[in-house]
Visitor: 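Sharing a structure below in structure tokens format, with a few things to ask.
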Amino acid sequence: MKRVLSGITPSGDFTLGNYLGALRHWVSFQEDHDAFYCVVDLHALTTDIDPVVLRRNSLDAALNLLAVGLDPRRCTIFVQSHVPEHTRLTWLLECTATMGELRRMTQFKEKSHGQETVRAGLFTYPVLMAADILLYRADAVPVGEDQRQHLELARELALRFNNRYGETFTVPEAAVPGAAARVMDLQHPERKMSKSVESPLGTIGLLDPAEAITRKVRKAVTDTDGEVRYDRAAKPGLANLLDLLAGATDRTPQEVAKGYTRYGDLKHDVAEALSELLRPVRERRMALEDDLPYVDTVLAEGAAAAHEVAAPTYAKAADALGLLPLPSLARDED
Ligand code: AQP
């Protein structure tokens, strides 16, 4: 069975973008892949955090992963910081990456732009992401379009390490969805919908009730020419709505566009389709809130299963670089 690995940052309430671009594909992958999914809490430390909020967001993230339909009997769900090899491998890969390639990362440029101080962790974040992936020898990584560049870096680091020190890592492929791979903010369709960017009317939350979804879709920014056609460059707001309906109904946005002559009708159907899509997630999430001990068990078992795969990969990489094995391990081997 091929293996997939993906992660989500507990940096705020999950959005429709996270769901359409990533989470619902994670659910499909668990059926026919050996799937590992993690709450990447260490990534959340790259920007300003409040410890109380981070703790709550991390638990929320785990609840959401179960609510979208991930089944711990079919996949491994864990928290990144519970598996110490993530940070250990990061250092080995930081010594493989170059400043130049990290400087080219678009997300770093966007997130550091205009900031007075920028954490070193924000700069090296893509290396931590590479470690997340390479530790599990993942064949594929289901991500939204926004993460493609980071995935490319992970591939490049794996290739470079393998060439220099011998075959160690699997070189992963990106698995980017066809429809809704980049969900845009409903009020600012030129930027992606994001959980950590404040935009109350522009962001649809994973757990939003139908009324909120309808209100936000109705107020979504479009344009004034009134013609329904799919053109991302000239009509970004409308294109986003067409993408959303296409994503929710498994069609192409061009096909969806053919069914409409008025923006109002399209918005009505977008709101209905999204409400229906997210309703079962919200219901499962409410049920899970009454069973937190179950969530603890899932995370404990997930961390143990993840560690079993991550530890030998780390050991192999450390050995390839010439780091001495732990003396006790060396004695065990005698
Ligand atoms: N707008 C989006 N459209 C499609 N896919 C998206 N993803 C995120 N936003 C969109 C996908 O969700 C997964 C988890 O992402 P992440 O939490 O690791 O970080 P991110 O990509 O930076 O997502 P956010 O929501 O924008 O978080 P913040 O605000 O913390 O930066 C990824 O697979 C991503 O592609």
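Order of listing sets the numbers, starting from 1, for every ligand and every atom in it.
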Visitor: For the CD atom on E31, are there more than 12 heavy atoms of other groups (residues, nucleotides or ligands in this structure) within a distance under 6.0 Å?
Guide: yes
Visitor: I'd like to know whether CZ of R164 has more than 12 heavy-atom contacts from other residues, nucleotides or ligands below 6.0 angstrom.
Guide: yes
Visitor: Let me know which of L186, T203, L16 forms a side-chain contact (heavy atoms from CB on, under 4.5 Å) with K216.
Guide: L186
Visitor: Determine, using the 4.5 Å side-chain heavy-atom cutoff (strictly less than), whether L207 and L244 are members of one ILVMFWY cluster.
Guide: yes
Visitor: Looking at every heavy atom in both E101 and T98, which two are closest together, and how far apart are they?
Guide: OE2-N, 3.0 Å
Visitor: Let me know which of I8, V68, I77 forms a side-chain contact (heavy atoms from CB on, under 4.5 Å) with W26.
Guide: I8
Visitor: Mind checking what residues have non-hydrogen atoms under 4.0 angstrom from ligand 1?
Guide: G7, I8, T9, S11, G17, N18, G21, A22, Q107, K111, V143, G144, D146, Q147, A181, R182, V183, K192, M193, S194, K195, S196
